[in-house]
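Working notes, structure below.
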Amino acid sequence: MNVVSFIASRLLQMVPVLIGVSIVVFLAIHMVPGDPVELMMHGRATPEGLAAARAELGLDQPLLVQYWNFISGAVVGDLGTSIVQKAPVSEVVGERILPTVLLLVMSSIFAIALALPLAIVSARRADQPIDHAIRLGGMIGFAMPPFWIGIVVMLTFGIWLDWFPISGYGRTFWAHVYHLVLPSFTVALFLAPILLQSLRAAILDVMTADYIEVARAKGLSERRILVKHALRNALIPVTTILAVNIGWLLSGAVVVEYLFSFPGLGSLLVRAAGQRDYAVIQGLSVTFAVLVLVVNLIADLACMAIDKRVARA
Amino acid sequence: MHLSDPAKAVATAVPLLEVEDLVVEFRQRGRVVRAVNHVSLTLGQGETLGIVGESGSGKSVLCRSFLRLLPSPPAVVTASRISFNGQNLPDLTEDQMQAIRGTDISMVFQNPMGALNPVWPIGDQITEGEVVRGRLAPANRRKRAIELLTRVGIPAPELRVDEYPHQWSGGMVQRAVIAMAVAGAPKLILADEPTTALDVTIQNQILALLMELQAETGTALILVSHDLAVVAESCDRVAVMYAGRIMEIAPTDRIFVAPKHAYTLGLLGSIPRIEGGDQALEPIPGQPPNLADLPPGCPFAPRCRFASSACAGADMTLREVAPGHFSACIRANELGGVA
Ligand SMILES: Nc1ncnc2c1ncn2[C@@H]1O[C@H](COP(=O)(O)OP(=O)(O)OP(=O)(O)O)[C@@H](O)[C@H]1O
Ligand SMILES: [Mg+2]
């Protein structure tokens, strides 16, 4: 199977998943106790006002019709209107996708830069004191809530050392990167322990493979064996683990974005939830679902690029 | 041609490999497993030595210890001498050892399916050693790979050189591994059960290939095998291992015609013979000893039909019972009539 038809079939497979997600999100919002319109208006509206608002939002129609309206709008990119911001949800959400993607990319780069050397040292010195120290550090990092990590990072590098901004996003690309340093670093600290642990395990596993001994028997240096023969194979399970954990990573990013007042999907979600901006919450949920699916697709493509056997399967 | 002439039986004047008093132990959690126990042997230039023995007798560990491939810890290797081509291998640094691996001494392993890295093209893997050593310009890599694959009988190598291991059969991969082993023009090839994982028909082809390459290049070969028939066909001399020791070492024809160790007799009794179909196969009764708790004296004594009380205190050094024929059995001379 070639790459194009693989991608096409995977995109097709996303359709039922997204329909499922939309149903769950739709039902969740409509089943929760309390009338969204009343909540939205903070109980200060007249009955006429409520009815008018319901009619405007289409909330007076049967559930099935409402869902149909939602889904038929969604396929053409219309996710409804944000009552709070008085703007189309697609716009409100759309302008925040790039910052969040940027945050995720930079966090991943930081996390890899952090975890890869440590995992190599840990695996090369397995069960020696340095390995135990690294793994203990990883465990401590793993146990820290992202909010706490964020506050420590913010205080240390943002306020005490005053190296990087602690909020905002900037206007140019490099300003974005500059503003992203601390939030990304926080997410990286949160992500690195998982990466470290899975990389270490994968390297140790690969190093017992027959072809590693064959590589040794042909006179390669340990360094070359690790870099050329072990790491590439070890990246395959790690990529999968990362993709599986993307939802968890996003949940960390949400908190961190909020903490750093970063204009991404996460801080929008926190705000929309506080304001009961249902259309936005709905739109965000679908966006997150698409993000997760796309990341998984990218991970599969990466595995295919690394290992030709995967391409055939 | 393969059955040795007596001149070859005694190792030639300048041996290629001389191993003296080699001991390999695995020390783990307070347990000491002695996998190779005071092994001494000599291998001449271009000679083929077969090593046979039951599973767990230390054949693979012995071969790996020459190349310093055993993981340490837990492996602890000691030897008075492992002299190869005038160098004492235990004295070499890790870098010097790396320079010997794949060039002076190559190894072919038992399981071809795991022997190649799944994520690199086969051609790149068989030329990697030469490229890394600067003996081959990267630009000539593909050409050299095709040349090597041709040498080991891969059909249409120019079409297959860029393929990945999963696209090849076990027999073909083993050919590629052999190509990799001969690429550096080694003086010694250690073949650790190179055919055990393959179909019977393929086994013969691979063995024939090894023999052919050996005849072409004059490299020495240590051929480890479970299969006495394989060894009988292809080796000048045979060493019989049991519980980490060499029990008997002799020219091939002598081992089969006049074995001088009770264990060898037992092994011969347990191979199927096509002629004499009425002759029942008798496996050696009992189990090999626990390598973490070896009995004193002859380790085979507890299973031996001919054991006497003296065996438990036997001196296990090899004694020459006939020219070039060494046995550790204290009753070697009484065994003559049994075969
Ligand atoms: N890395 C290791 N750690 C601990 N013990 C080991 C290790 N490698 C081998 N051994 C032990 O050394 C002994 C000899 O093993 P070896 O692989 O040399 O046997 P073998 O003669 O090659 O057997 P086979 O015919 O099954 O390949 C076995 O008891 C084995 O359990
Ligand atoms: Mg073995």
Side-chain angles (χ1 to χ4, degrees), chain A residues 1-3 122-132 199-200 202-240 299-313, chain B residues 60 63-64 66-71 73 94-122 124-133 135 162-167 173 176-177 179-184 186 189-190 192 197:
Chain A
M1 177 158 42
N2 67 35
V3 179
S122 213
R124 293 286 309 270
R125 304 258 183 282
D127 282 320
Q128 290 174 25
I130 178 113
D131 174 39
H132 291 303
L199 250 177
R200 176 187 178 274
I203 292 173
L204 282 179
D205 185 50
V206 169
M207 288 304 274
T208 65
D210 287 351
Y211 57 80
I212 296 295
E213 186 171 33
V214 172
R216 231 174 243 135
K218 69 181 168 187
L220 305 184
S221 67
E222 281 303 306
R223 192 191 158 80
R224 187 178 169 93
I225 289 170
L226 185 77
V227 174
K228 285 278 175 183
H229 289 272
L231 269 188
R232 194 160 165 173
N233 282 286
L235 285 180
I236 297 166
V238 173
T239 310
T240 312
D300 284 347
L301 288 174
C303 285
M304 268 172 74
I306 297 171
D307 186 350
K308 299 294 176 288
R309 283 171 307 175
V310 181
R312 287 208 327 171
Chain B
S60 300
C63 291
R64 284 176 162 86
F66 298 157
L67 274 180
R68 214 186 283 173
L69 286 177
L70 294 166
E94 180 51 35
D95 284 354
Q96 290 171 315
M97 224 30 232
Q98 265 170 33
I100 284 190
R101 292 186 197 122
T103 58
D104 289 324
I105 308 177
S106 294
M107 190 152 173
V108 176
F109 295 86
Q110 176 169 346
N111 173 20
M113 278 341 268
L116 293 181
N117 191 331
V119 304
W120 294 109
I122 290 167
D124 286 355
Q125 296 191 51
I126 60 180
T127 49
E128 186 181 12
E130 288 176 288
V131 171
V132 167
R133 294 195 165 87
R135 293 183 179 185
D162 301 316
E163 290 183 342
Y164 289 83
H166 70 267
Q167 294 167 290
V173 173
V177 172
M180 203 154 87
V182 296
I189 297 177
L190 306 169
D192 187 3

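Reminder, nothing fancy here: chain letters follow the sequence lines and each chain counts from 1.
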Segment of B:L69 engaging chain A (4.5 angstrom heavy-atom cut-off):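 Both parts, heavy atoms under 4.5 Å.
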Determine the minimum heavy-atom distance between B:L116 and A:Y211, stating which atoms define it.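 Heavy atoms of B:L116 and A:Y211 come nearest at C-CB, 3.5 Å.
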How close do B:P118 and A:N233 get, counting heavy atoms only, and between which atoms?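 Looking at all heavy atoms of both residues, the closest pair is CG-OD1, 3.5 Å.
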Please determine, among [options], the option with the most heavy-atom pairs under 4.5 Å with chain A.
options                      : result
B:A115, B:G102, B:G129       : B:A115
B:R133, B:Q98, B:M107, B:M97 : B:Q98
B:Q125, B:Q110, B:M113       : B:Q125

Can you find a heavy atom in the side chain of B:E94 that is under 4.5 Å from one in the side chain of A:E222? no
Could you grab the distance from atom CG of B:N111 to atom CD of A:E213, nearest 0.5 Å is fine? 11.5 Å
Of the backbone (N, CA, C, O) and the side chain (C-beta and beyond), which part of A:A209 lies under 4.5 Å from a heavy atom of chain B, both, or neither? neither
Checking heavy atoms, do the side chain of A:R232, its backbone, both or neither come under 4.5 Å from chain B?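 Contact with chain B: side chain only.
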Before giving the answer on salt bridge (charged side-chain N to carboxylate O under 4.0 Å, His left out), spell out for A:K228 and B:E128 the whole-Å C-alpha distance, their side-chain angles and the decisive distance to 0.1 Å. CA-CA 11 Å; A:K228 285 278 175 183; B:E128 186 181 12; over 6 Å; no
